[in-house]
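Below is one structure, written out as structure tokens, with a few remarks after it.
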Amino acid sequence: MKFDPASKIQDLLQFGEYGDVNPSITDSATYTFMQAKSMADTFDGTAEGCFLYSRHWNPSNKYLADALAAMEGTEAAWVTGSGMGAITSAILQLCNAGDHIVSSITTYGGTFAFMQNYLTKFNIETTFVDITNLESVKAAIKPNTKLIYTETMTNPMLQISDIPALADIADANNIKLVVDNTFTPMIVAPSLLGAHIVVHSMTKFINGKNDCLAGVICADSEFINSLCDVNNGTAMLLGPVLDPLRSSSILKNMHTLHLRMRQHSKNAMYLAQEFKKIGVNVNYPGLPEHKGHNTLKSIMHSDFGFGGMIAIDMVTAERASAFMEMMETEGVGYLAVSLGYFKTLFSNSGKSTSSEVPEDLQREMGMSEGLVRFSVGLDNDIERTFDKIHHCLKVLELL
Ligand code: PLP
């Protein structure tokens with residue numbers, strides 16, 4: 001049967017203390033107990049339904065986590081104060097000093113920097129591979145490899161990960177497949193395709209308002225419980241918890257996510273097709289000639305389109321800068337990093353969100369210095385938006 005993440009969220013019966021249609025917001029860091037024994041049992045992890053301290057769990061975060069687990073089809077989830085909080089907690093929970101990771105070379109720059117520069121403090125090494133080359137993934141696995149890391153749709157190259165095939169490789173080696181699904185919420189549910197752990201930066205599409213940072217780790221209950229273990233859980237001990245006031249606002253935004261994803265995708269498809277018509281070198285997984293188009297079609301279980309992310313090649317950083325500055329003045333959107341916002345955002349990846357990746361490596365992975373990444377907004381009249389973009393290209397003689 002078709003998996004419908006939007007209906008899974010809709011079906012949740014989450015309401016407030018006084019019958020409020022929105023769940024009550026937890027405005028407390030700590031929780032009272034009527035019996036000392038209940039407190040001791042809660043610390044031991046044997047008391048069900050009790051909250052002890054908001055860094056561990058709190059009711060607002062539980063409502064949001066339940067909605068995210070429903071959306072991803074996992075048993076459980078835990079919400080963090082940023083996407084990096086989710087990524088780093090999940091990885092640190094899985095790895096011990098001396099372990100090894102196989103990762104896609106194209107990931108968000110912060111993730112790359114964490115693996116390349118930070119984890120080495122703990123003698124945890126990463127081999128970066130082209131994630132679409134399954135043979136190179138297999139060849140990179142060593143006896144001490146603990147996980148394969150990828151993004152469903154990679155940032156900023158928009159490659160598509162063949163999640164079922166990667167899950168098979170992980171299972172065959174008794175290691176975990178961790179997938180960052182930030183670019184494709186609703187569109188793909190990696191855990192239903194075999195991924196063991198799914199992470200998101202909720203700062204992006206899930207919240208969609210650019211008013212806060214947030215993240216989530218979705219997985220089976222065993223993994224989520226291990227993250228929150230008071231003695232050795234990474235989430236509990238490093239403390240990257242999301243603020244409950246933010247949880248409650250993100251939860252409300254999740255109920256419009258399916259409508260937003262459909263509109264982001266519709267607008268991105270229109271722009272991609274128009275860029276192609278005027279001869280701009282465009283990268284969009286929704287176009288049939290995209291290398292990952294068929295893979296994406298085979299892993300998406302829904303009708304939310306091919307996502308809101310597009311990359312075009314302006315060849316040089318100077319041309320990219322002039323183009324982005326003029327687009328901002330003409331009202332196309334904002335020259336800003338991040339994505340999943342209701343307005344269109346654009347940035348030159350090599351000079352911003354992937355600047356952590358050394359330039360020689362950027363070229364090796366095929367990232368042009370003139371790559372302009374668009375997070376296409378919810379514009380009601382995308383034809384009007386394209387006309388403005390086309391105008392900029394013509395005036396700046398970039399065609
Ligand atoms: N994952 C992806 C794919 C991202 O693009 C980003 C941020 O741009 C992150 C993770 C990090 O998320 P956050 O900024 O919420 O920490």
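Atoms within each ligand, like the ligands themselves, are counted from 1 in listed order. Just so it is clear, the values below take in all heavy atoms, side chains as well, and ignore hydrogens, waters and symmetry mates.
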Self-check item: side-chain hydrogen bond (donor to acceptor under 3.5 Å, both in side chains) partner of Ser161, chosen from Thr295, Thr150, Thr132
Solution: Thr150

Practice problem: Could you tell me whether Lys388 and Glu383 make a salt bridge, using a distance below 4.0 angstrom between a side-chain N and a carboxylate O? | Solution: no

Quiz prompt | Side-chain ion pair, Arg384 and Asp379, N-O less than 4.0 Å | solution = no

Quiz item: Which protein heavy atom lies closest to atom 15 (O) of ligand 1, and at what distance to 0.1 Å?
Solution: Thr203 OG1, 2.6 Å

Exercise. Note the single closest protein heavy atom to atom 16 (O) of ligand 1, along with its residue, its atom name and the distance in Å.
Key: Met84 N, 2.8 Å

Quiz prompt | Asp4/Lys8 ion pair, N-O < 4.0 Å | solution = no

Quiz item: Where's the contact between Ile87 and ligand 1, heavy-atom distance under 4.0 Å: side chain, backbone, both or neither?
Solution: side chain

Exercise. Output yes when the distance from some N or O of ligand 1 to some N or O of Asp180 is under 3.5 Å, and no in every other case.
Key: yes

Quiz item: Does Asn155 reach ligand 1, in the sense of a heavy atom lying below 4.0 Å from it?
Solution: yes

Exercise. Look at Lys276 together with Glu289 and state whether they make a salt bridge at an N to O cut-off of under 4.0 Å.
Key: yes

Exercise. For atom 13 (P) of ligand 1, grab the closest protein heavy atom and report residue, atom and distance to one decimal in Å.
Key: Gly83 N, 3.3 Å

Quiz item: So, do Phe43 and Tyr53 have ring centers that fall under 6.0 Å from each other?
Solution: no

Quiz prompt | Heavy-atom nearest option to atom 11 (C) of ligand 1, drawn from Tyr108, Phe183, Phe114 | solution = Tyr108

Exercise. Please step through ring pair (Phe, Tyr, Trp, His ring centres under 6.0 Å) for the pair Phe275 and Tyr284, ending with a clear verdict.
Key: CA-CA 10 Å; Phe275 277 132; Tyr284 182 60; over 10 Å; no

Self-check item: Contacting atoms of ligand 1, where contact means under 4.0 angstrom from a heavy atom of Lys204
Solution: 4 (C), 5 (O), 6 (C), 7 (C), 8 (O), 9 (C), 12 (O), 14 (O)

Quiz item: Can you find an N/O atom of Thr111 closer than 3.5 Å to an N/O atom of ligand 1?
Solution: no

